[in-house]
A.B. asks: 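After the structure tokens below, expect a handful of questions from me.
Naming convention: chains lettered A, B, ... in sequence-line order (proteins, then strands); numbering from 1 in each chain.
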There are 2 protein chains.
Amino acid sequence: MQAGYAGRSRAPLSTERVLGAAVALADEGGVDALSMRRIAQSLGVVPMALYKHVANKNELLDGMIDAVVREIDPPARDTDWKTTVRGRVLSARRMLLRHPWAAQVIESRVKARTTPTPAVMEYLDSMIGVFRDGGFSLDLVHHALHVMGSRLLGFSQELFEDTPSRPGADREPDPDAMSPEAMAARYPHVAALAMAVTHDTDSVVGSGCDDQFEFEFALDLTLDGLERLLRTP
Amino acid sequence: MQAGYAGRSRAPLSTERVLGAAVALADEGGVDALSMRRIAQSLGVVPMALYKHVANKNELLDGMIDAVVREIDPPARDTDWKTTVRGRVLSARRMLLRHPWAAQVIESRVKARTTPTPAVMEYLDSMIGVFRDGGFSLDLVHHALHVMGSRLLGFSQELFEDTPSRPGADREPDPDAMSPEAMAARYPHVAALAMAVTHDTDSVVGSGCDDQFEFEFALDLTLDGLERLLRTP
DNA sequence: ACCTGAACACCGTTCAAGT
DNA sequence: ACCTGAACACCGTTCAAGT
């Protein structure tokens with residue numbers, strides 16, 4: 001029935017339009033309100049049409065993550081590391097406040113994937129670069145990332161973990177996985193840090209990081225800071 | 001068909017048995033594998049039978065949260081605040097490692113409810129007590145909780161927020177909400193902290209806390225700690 | 001009064017039938 | 001070759017029919 005046509009736009013569908021509609025829907029109603037059928041409806045399109053532009057819902061979520069992570073301001077130039085990190089983390093926080101679903105989705109997808117999405121990797125890579133330029137050793141940068149913890153991007157722990165967080169369920173195989181060499185070229189700071197931590201030139205991201213040690217290191221730094229506050233009011 | 005009976009146990013159903021089966025299922029397969037139908041199946045029971053013991057799935061999730069949060073060790077006695085907080089946070093971490101779904105579920109439920117679940121409230125209340133006994137002012141305890149951030153219980157931010165995190169969706173009304181007086185009696189440290197922060201005797205939990213300020217306070221304490229590390233290797 | 005099967009209104013995704 | 005409706009295997013939850 002031609003008269004019943006309810007399409008919101010005659011513009012042809014694209015991955016960008018699908019992701020944009022998905023982000024808008026999640027901003028409005030939270031991630032629970034997000035469904036393939038509902039996104040299609042908001043675009044005036046039949047549900048199956050979405051599958052031409054995203055392989056499945058998980059890939060859609062990954063695309064949404066990248067879209068919002070790219071909203072975070074790039075690191076400021078020509079100032080000290082502390083000001084730069086501070087400004088960037090506050091920019092990340094503003095993004096997370098604009099998109100209240102993002103922290104949770106990023107965390108759950110980071111856990112399910114073997115590697116974070118490209119925009120998250122870029123964010124981390126440039127953040128590591130800021131610390132390095134500020135004079136931090138690779139080891140100290142590693143500690144610093146753990147200390148920043150959830151303030152870095154909303155999720156709490158363990159970006160690169162050896163063991164999947166759910167013992168039974170394996171991580172999803174990455175559909176377009178990069179070679180270690182390609183990874184190292186694209187994310188040089190991440191690669192340098194991973195190699196320094198693992199002392200293993202083969203794997204760029206494969207952890208080797210002692211999570212328990214890092215957790216306690218961060219916890220103690222925090223407690224020391226609180227103790228200092230307590231003593232000098 | 002009597003021969004086809006596949007019940008795992010003849011013991012009568014109870015809220016405890018339902019929650020136990022749910023936790024076991026989530027531990028095995030993650031929160032995505034958790035469904036009312038699947039829990040019922042694992043108990044050898046028809047799905048509808050669960051609804052005698054939990055009102056709905058959200059209440060089930062709340063019950064699961066309380067069950068695992070109660071696994072966290074109580075605060076150690078007869079030692080300084082720092083050792084006590086450290087030990088307890090590490091105990092919380094061990095719980096979160098045993099139940100990889102917990103951090104995410106706690107975070108999402110904390111955002112959806114007006115008040116955290118009872119066990120979470122008790123955990124916070126006793127943790128505030130430890131800081132108070134250690135000589136922290138109420139204001140300093142408040143800062144401290146924000147500084148601890150996700151290390152406290154896995155979730156990243158804002159236990160008591162004025163505005164629901166999803167602008168459109170209202171928070172669920174608490175089915176068995178307590179009166180402010182009952183809350184204050186049950187969670188005295190939380191109540192004292194809330195009143196000190198809001199300067200409003202009427203509401204025990206209603207925030208009034210400047211989240212942006214607290215975030216920056218915690219961030220700066222962290223950055224100061226890192227700067228100190230950088231200067232004195 | 002209690003219990004429960006069928007039903008309802010949803011999901012994500014497959015697949016074959018239509019153009 | 002492309003697009004898409006119907007279908008499949010799930011959800012959480014309601015409700016009326018059965019005991």
A.B. asks: Where does the chain A footprint on DNA chain D start and end, counting 5' to 3' with a 4.0 Å heavy-atom cut-off?
C.D. replies: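 Nucleotide range with atoms under 4.0 Å of chain A: dC3(D) to dA7(D).
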A.B. asks: Please tell me which of Arg37(A) and Ala49(A) maps to the more 5' nucleotide of DNA chain D, matching each residue to the nucleotide holding its nearest heavy atom.
C.D. replies: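 Looking at DNA chain D, the more 5' nearest nucleotide goes with Ala49(A).
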A.B. asks: Does Met48(B) reach a base, just sugar-phosphate, or nothing at all? Heavy atoms under 4.0 Å.
C.D. replies: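 Base contact.
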A.B. asks: dC8(D) and dG18(C): how far apart are their P atoms, nearest whole angstrom?
C.D. replies: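 Their P atoms lie roughly 16 Å apart.
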A.B. asks: Go through the structure and list residues passing side-chain contact (heavy atoms from CB on, under 4.5 Å) with Arg94(A), not counting sequence neighbours.
C.D. replies: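 Testing Arg94(A) for side-chain contact (heavy atoms from CB on, under 4.5 Å), a comparison that skips the adjacent residues, returns Asp73(A), Leu90(A), Ser91(A), Arg98(A).
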A.B. asks: Using a 3.5 Å limit on both distances, find every run of at least three consecutive Watson-Crick or G-U pairs that involves DNA chain D.
C.D. replies: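 Correct response: C:4-8 with D:12-16, C:12-16 with D:4-8.
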A.B. asks: Not counting sequence neighbours, which residues clear side-chain contact (heavy atoms from CB on, under 4.5 Å) with Ala67(B)? List them please.
C.D. replies: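 If we apply the side-chain contact (heavy atoms from CB on, under 4.5 Å) test to Ala67(B), skipping adjacent residues, there are no hits.
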A.B. asks: By side-chain hydrogen bond (donor to acceptor under 3.5 Å, both in side chains), which residues pair with Ser108(A), not counting sequence neighbours?
C.D. replies: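 Partners of Ser108(A) by the side-chain hydrogen bond (donor to acceptor under 3.5 Å, both in side chains) criterion come out as none, since no residue qualifies.
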A.B. asks: Not counting sequence neighbours, which residues clear side-chain contact (heavy atoms from CB on, under 4.5 Å) with Pro118(B)? List them please.
C.D. replies: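 Pro118(B) satisfies side-chain contact (heavy atoms from CB on, under 4.5 Å) with Asp66(B), Arg186(B), Tyr187(B) only.
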A.B. asks: Listed by chain and number, what are the side-chain contact (heavy atoms from CB on, under 4.5 Å) partners of Ala92(A), not counting sequence neighbours?
C.D. replies: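 Here the qualifying residues are Ile72(A), Tyr123(A).
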A.B. asks: Does Glu16(B) have any salt bridge (charged side-chain N to carboxylate O under 4.0 Å, His left out) partners at least two apart in sequence or in another chain, and if so, which?
C.D. replies: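 Salt bridge (charged side-chain N to carboxylate O under 4.0 Å, His left out) list for Glu16(B), sorted by chain: empty.
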A.B. asks: Once you measure the plane-to-plane angle for His146(B) and His142(B), does it fall in the parallel (<30°), tilted (30-60°) or perpendicular (>60°) bin?
C.D. replies: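 The arrangement is perpendicular - the two ring planes meet at more than 60°.
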A.B. asks: Mind checking salt bridge (charged side-chain N to carboxylate O under 4.0 Å, His left out) for Arg109(A) and listing every partner two or more places apart, or none if nothing turns up?
C.D. replies: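 Result, salt bridge (charged side-chain N to carboxylate O under 4.0 Å, His left out) vs Arg109(A): Asp62(A), Glu172(A).
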